[in-house]
Number of protein chains: 2
Amino acid sequence: MSTFQDNFINILKTNGLSITRQRQLLFDLLQDQDPLSMNELTELVGTTIDRASVYRIIATFEETGIVRRISIGWKFKIELSEAFVAHHHHLTCLSCQLVVPINQEKLESFISELADINNFQPIQHQVEIQGYCQRCQANRNIA
Amino acid sequence: MSTFQDNFINILKTNGLSITRQRQLLFDLLQDQDPLSMNELTELVGTTIDRASVYRIIATFEETGIVRRISIGWKFKIELSEAFVAHHHHLTCLSCQLVVPINQEKLESFISELADINNFQPIQHQVEIQGYCQRCQANRNIA
DNA sequence: TTAATAATTGCAATTACGTCGCATTTATCT
DNA sequence: AGATAAATGCGACGTAATTGCAATTATTAA
Ligand SMILES: [Mn+2]
Ligand SMILES: [Mn+2]
Ligand SMILES: [Zn+2]
Ligand SMILES: [Zn+2]
């Protein structure tokens, strides 16, 4: 059984990258949370990691497949990649920013079917649904 | 039968907006082309429209429903709205940037089904597939 | 355990993107 | 054509992201 942490270390070593305090901290932040924007990441690390380093580390995380970017409301956020968490998409609430993961095999196969029909070799795809969650719908009716 | 141009004029008039050289030019650019980024738009208009005006005009185009934003490769692009062209999504080639529209009712109903399942009131959604088009796949095999 | 070396980071400067206030120009209405 | 309100251009500004380089830190091998 390989924990997230072991997996993380392995990917770094495989790619000849050092395990630094900065990389470890950013990885830790991404482990338990919802997807985070670059702004949220830089704010969470405060002065303990320079802004430029945050950008550089996330870039190498992307290149080595530790994280992936997902599209949320015209900007991207970062979350752990398929090496850690099963592939999925997101439903987001326009009012309270709640993020709900979507895990639907039927959606995935439909997407690759669409690529096939158009003679495309599919590499990646993004599906994003925005709306109002149950709670926010209820609050709207009251107000 | 109402042409794109008539429709455009009507929307402006309905909203009490003037028909200016700048608005007309931006609309013309969006008529024949694929979706365009803000950068592509400002470059296309060159010095004939100030950058600030391009942003302001596109903002009013969005507010009045003349254009909509779509997500392509982690940034948004602008294209004519459903008032001109039927709702659709896009398949884009990572190599030659070819953009192919996707028009699939089955996809649309599947999306709203997903919102339902999670008790979300759906407002908007983005679906985006990236890969290699037929031509670029062929070129890769040769090289 | 320490020294060498190569990678990584912090810092400061720079670029890119988008916004804003205000004076000038332009479209619209009479 | 002239009056009026709207829209644009210009310059300044704010924030996000990138870069070069010197200082620091992790890794490897003695
Ligand atoms: Mn997720
Ligand atoms: Mn389109
Ligand atoms: Zn909500
Ligand atoms: Zn192609």
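Atom set for the values below is all heavy atoms of this structure, side chains included, hydrogens, waters and symmetry mates excluded. Throughout, a chain's letter reflects where its sequence line sits, starting with A, and its residues are numbered from 1.
- For the side-chain contact (heavy atoms from CB on, under 4.5 Å) test with Ile49(B), the passing option among Thr20(B), Leu26(B), Leu44(B) is Leu26(B); the others fail.
- What separates CG of Leu41(A) from C1' of dA16(D) is a distance of 14 Å, to the nearest Å.
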Please report the C-alpha distance between Lys77(B) and Glu40(B) in whole Å, then the side-chain angles of each, then the deciding distance to 0.1 Å, and finally whether the salt bridge (charged side-chain N to carboxylate O under 4.0 Å, His left out) criterion is met.
CA-CA 9 Å; Lys77(B) 295 199 173 191; Glu40(B) 289 165 337; 3.5 Å; yes
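- The distance from atom NZ of Lys75(A) to atom P of dC17(C) is 18 Å, rounded to the nearest whole Å.
- The nearest whole Å value for the distance from the CE atom in Met38(A) to the P atom in dC17(C) is 17 Å.
- Nucleic acid contact class of Thr48(A) (heavy atoms, under 4.0 Å, all strands): sugar-phosphate only.
- Map Tyr55(B) and Ile19(B) each onto its nearest nucleotide of DNA chain C; the residue landing nearer the 5' end is Tyr55(B).
- Close to dA6(D), at under 4.0 Å from its OP1 or OP2, lies no side-chain N or O of Ser18(B).
- Note on Asn39(B): every side-chain N or O is 4.0 Å or more away from OP1 and OP2 of dA16(C).
- Rounded to an integer number of Å, the gap from CG of Asn15(A) to P of dT8(C) is 10 Å.
- Each of dT19(D), dC17(C), dG18(C) was ranked by its minimum atom distance to the side chain of Ala52(A); first place goes to dT19(D).
- Residue contacts for Arg51(B): at a heavy-atom cut-off of 4.0 Å it reaches a base atom on one of the strands shown.
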Does Arg135(B) form a side chain to side chain contact (heavy atoms under 4.5 Å, CB included) with Asn139(B)? I'd like the steps, not just the answer.
CA-CA 6 Å; Arg135(B) 180 180 303 279; Asn139(B) 291 345; 4.1 Å; yes
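- The closest side-chain heavy-atom distance from Ile70(A) to His90(A) is below 4.5 Å.
- Note: NZ (Lys13(B)) to P (dA27(C)) measures 14 Å, nearest angstrom.
- Comparing Gln22(B) and Arg56(B) by the nucleotide of DNA chain C whose heavy atom lies nearest to each, the residue mapping closer to the 5' end is Arg56(B).
- As a whole-Å value, the separation of Phe76(B) CZ from dC17(C) C1' is 10 Å.
- The aromatic rings of Phe8(B) and Phe27(B) sit parallel, their planes meeting at an angle under 30°, below the 60° perpendicular limit.
- OP1 and OP2 of dA6(D) both lie 4.0 Å or more from every side-chain N or O belonging to Thr20(B).
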